[in-house]
Amino acid sequence: DISLAGTNAKVYRSDDYNGFLFNIASKKAATLSNITIDGNSDINKNIEKSLVHVDSNATLKIDDEAVLKNNKIKDNINDPTRGGAIHAEGAKIIMCGGLIEVNGATYGAGICLSQSTMNFTSGTIRNNESKTVTENIAGQSYSAGGGILAEKGSTINMSGTAQLLNNKSGEIGGAISLGSQDISEGSTLYMNGGNIEGNTAGAAGGGIFIQCKFDSGSESKAYINKGKIINNSMTGKGKTDKAFGGGGIYVNGAPENFHY
């Protein structure tokens, strides 16, 4: 076990290191508080991985005065990058404080959840950006989840004073994207509080995008009971279908027998 308690530690990515800075191994648990983890994107332009990777059955807690910032992963036209700050695979994320800001990835510029659960009760995810990446051969454009992408059967439980502010996606899901442009098992959002404000998407769902049906994938769902979804917008600048919309929320869908 490692403790940095009381040190107000600051961890910076070196100019030539492009992997994960922290890895929470399978079945382990870690808490981040009173720490700054900086991706050094102003200098390092070749970043390939998130600040933090959370492995299967591991738990990461983000608490007061934890800052995860400035980690912009280099575009990969052959494989969408995932999780500017955090990539969770089969894991559990608890965010009850802290700040995630100015990170970038194709899928989940702030956080990418794959087969994972996130309990988001407090703290702020802001000013992260998922830029559009277009394949050379197929011409398919990708970008989903300026703040959070939930894929492969993930769940987001949002409540309390949790905030998603001023995040951007070139295509879908400015703040939250449930699903992406990949075929996947559906994911779920339970929103019982919090604030989703000032986020933008280029093609659909400035606040929230719900991939209800995409080819042979299964439905994503959102249950919104409480909270604010305000001042979000769809800009129409995306490369995918500009006939879409949804400044606040967009729900995508297709008949069961529909295939691309």
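Just so you know, these numbers use all the heavy atoms, side chains as well, and skip hydrogens, waters and symmetry mates.
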Side chains of Ser122 and Thr161 only: does a donor on one sit below 3.5 Å from an acceptor on the other? yes
Would you list the atom pairs, donor with acceptor, under 3.5 Å between side chains in residues 89-104 and any protein atom, with sequence neighbours excluded?
unit_1, atom_1, unit_2, atom_2, d
Glu89, OE2, His53, NE2, 2.7
Glu101, OE1, Arg126, NE, 2.9
Glu101, OE1, Arg126, NH2, 3.1
Asn103, OD1, Asn70, N, 3.2
Asn103, OD1, Asn71, N, 2.9
Asn103, ND2, Leu68, O, 3.2
Asn103, ND2, Glu101, O, 3.0
Asn103, ND2, Asn128, OD1, 3.1

Please walk me through it: do Ile224 and Ile249 pass side-chain contact (heavy atoms from CB on, under 4.5 Å)? CA-CA 11 Å; Ile224 300 170; Ile249 301 170; 3.8 Å; yes
Testing Ile111, Asn157, Ile176, Leu164 for side-chain contact (heavy atoms from CB on, under 4.5 Å) with Phe120, which one passes? Leu164
For residues Thr81 and Thr106, report the shortest heavy-atom separation together with the two atoms involved. OG1-N, 2.9 Å
Quick one: do the Ser169 and Ser143 side chains pair a donor with an acceptor below 3.5 Å? yes
Start with the C-alpha gap between Lys69 and Thr36, add the side-chain angles, then the distance that decides, and say whether side-chain contact (heavy atoms from CB on, under 4.5 Å) holds. CA-CA 8 Å; Lys69 69 177 185 177; Thr36 297; 4.1 Å; yes
Intermediate values then yes/no, side chain to side chain donor-acceptor pair (under 3.5 Å), Thr134 and Ser141: CA-CA 4 Å; Thr134 302; Ser141 295; 2.9 Å; yes
How many angstroms lie between atom OG1 of Thr132 and atom NZ of Lys168, to the nearest 0.5 angstrom? 12.0 Å
Treating Asp55 as the side-chain partner and Ile24 as the backbone partner, does any N or O pair qualify as donor plus acceptor under 3.5 Å? no
Heavy atoms from other residues, nucleotides or ligands near NZ of Lys28 exceed 12 (cutoff 6.0 Å): no
List for me each residue that meets salt bridge (Lys or Arg N to Asp or Glu O under 4.0 Å) alongside Lys61, sequence neighbours excluded, and say none if there are none. Asp63
Please go through Leu149's hydrophobic cluster and name the other residues, only I, L, V, M, F, W, Y counting, with side-chain heavy atoms under 4.5 Å joining them. Tyr107, Tyr142
